[in-house]
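These notes are about the structure you will find just below.
Below, chains carry the letters A, B, ... as their sequence lines are ordered, and counting in each starts from 1.
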Amino acid sequence: GDSVTQMEGPVTLSEEAFLTINCTYTATGYPSLFWYVQYPGEGLQLLLKATKADDKGSNKGFEATYRKETTSFHLEKGSVQVSDSAVYFCALSGPSGSARQLTFGSGTQLTVLP
Amino acid sequence: AAGVIQSPRHLIKEKRETATLKCYPIPRHDTVYWYQQGPGQDPQFLISFYEKMQSDKGSIPDRFSAQQFSDYHSELNMSSLELGDSALYFCASRPFGGANVLTFGAGSRLTVL
C-alpha cells in the first residue's frame, strides 16, 4: 500500500537558516504529493503540492520538487523565520481526479529560534 | 472564503459514553473525509463519503459510524468511548473529480476521561 517516510524531528534552527525536510514515498501509479503545515492548536493547512513528475510546488518561500526517479518530495526553504515554527506533514494521494484519501508521513516538528 | 466547519471544537466525555462530531464541508464540495490524529501522531484516515455514500474506509473502529446527509454535511458517531479515543478529529472536503486537494477543518478535540 501507499506509504510516506518523513525525516524525523524535532528540527531546531536559528532564524534565517536553510531548511530541508526529507520525504520519500511508496505508491502505485502516479500519486499527487503534498506538504501540509499544522500550527499549534490548529488544523492542517495545505502548504504546497505537485501533481506530476518534475513539478515544483512553492508557497511562502517553501519549495518541493516531485522527483519520480528517487520517489522524493523534499521540502526546502532558504531562510526560515520564527513564524515558520510548526509541524510539517508530507502526504500523497491519488492522481488528479481520483478520490483516494491522503496518506500522511509522521510529521516533522520545526522550531525556529530568534 | 467559506471553509470546512467542524463542531464542537472541544468535547469532554466519560468512558463508555457516546459522542457525535459534525462536519460542514465547503459549499459544492461533495466528498468528505474523516481523520483521527492522536497526540504527537500523524493523521489516520477513518472514512470518506461521496454523494452520501461511503466511498472508502480506513482504520475506523466498529464502535464508530458515520454518514453523509443530503446537504452534504457529515456526522461521526462514536460509542462506548475509550481513553484511547482521545484525539483530534479532522474533517476534510473536496469537490469530486476536481483538483485533488483536501481542505481541512480546524478539528474537534475529544477528551475521554
Side-chain angles (χ1 to χ4, degrees), chain A residues 1-10 21 23 25 27 29-52 55 57 59 64 66 73 86-111, chain B residues 1 3-7 9-10 21 23-26 29-51 53-60 66 68 74 87-109:
Chain A
D2 297 346
S3 67
V4 177
T5 302
Q6 200 174 323
M7 170 178 155
E8 288 192 20
I21 301 178
C23 170
Y25 67 90
Y30 301 93
S32 296
L33 301 173
F34 307 84
W35 278 99
Y36 278 83
V37 59
Q38 185 175 29
Y39 297 100
E42 297 186 14
L44 294 157
Q45 300 176 27
L46 178 66
L47 182 59
L48 52 84
K49 69 178 174 70
T51 58
K52 61 182 188 297
D55 265 2
N59 185 26
Y66 189 143
F73 193 55
V87 180
Y88 292 82
F89 290 95
C90 185
L92 69 82
S93 76
S96 292
S98 84
R100 200 189 330 172
Q101 74 282 0
L102 284 171
T103 298
F104 287 90
S106 56
T108 301
Q109 171 79 55
L110 170 66
T111 301
Chain B
V4 177
I5 307 299
Q6 290 188 245
S7 69
R9 291 295 311 277
H10 301 274
L21 306 181
C23 169
Y24 297 86
I26 291 173
H29 282 199
D30 50 16
T31 306
V32 169
Y33 302 79
W34 284 97
Y35 283 82
Q36 178 192 56
Q37 185 180 28
Q41 304 296 313
D42 58 293
Q44 295 293 315
F45 171 68
L46 293 178
I47 195 166
S48 62
F49 292 89
Y50 163 64
E51 283 291 340
M53 299 289 290
Q54 180 182 308
S55 56
D56 207 350
K57 193 172 181 179
S59 51
I60 185 169
Q68 186 180 32
S74 179
L88 197 53
Y89 290 82
F90 288 110
C91 171
S93 74
R94 53 158 283 185
F96 186 77
N100 198 16
V101 175
L102 273 61
T103 302
F104 283 81
S108 293
R109 183 170 295 283

Note to self: Can you confirm whether A/L102 sits close enough to B/Y35 that some side-chain heavy atom of one is under 4.5 Å from a side-chain heavy atom of the other?
What the structure shows: yes
Note to self: I'd like to check the side chain to side chain donor-acceptor pair (under 3.5 Å) partners of A/T108; sequence neighbours left out, ordered by chain and number.
What the structure shows: A/Q6
Item checked: Structural part of B/Q44 lying under 4.5 Å from a heavy atom of chain A -> neither
Note to self: Tell me which of these, B/D42, B/T103, B/V4, has more heavy-atom pairs under 4.5 Å with chain A than the rest.
What the structure shows: B/D42
Item checked: Heavy-atom contact with chain B under 4.5 Å, split by part of A/L44 -> both
Margin query: Counting C-beta onward and ignoring hydrogens, is there a side-chain heavy-atom pair between B/F104 and A/Q38 closer than 4.5 Å?
Written below: no
Checklist line | A/F104, part contacting chain B, at a heavy-atom distance under 4.5 Å | finding: both
Check: Would one find more than 12 heavy atoms of other residues, nucleotides or ligands at under 6.0 Å from atom CD of A/E8?
Finding: no
Notebook entry, point to check: Can you name the residues that form a salt bridge (Lys or Arg N to Asp or Glu O under 4.0 Å) with B/K57, not counting sequence neighbours?
Noted result: none
Check: With respect to chain A, which residue among B/A106, B/G105, B/P43, B/G107 yields the maximal number of heavy-atom pairs within a distance under 4.5 Å?
Finding: B/P43
Item checked: Closest approach of A/E42 to B/F90 (non-hydrogen atoms, all atoms of both residues) -> O-CZ, 4.1 Å
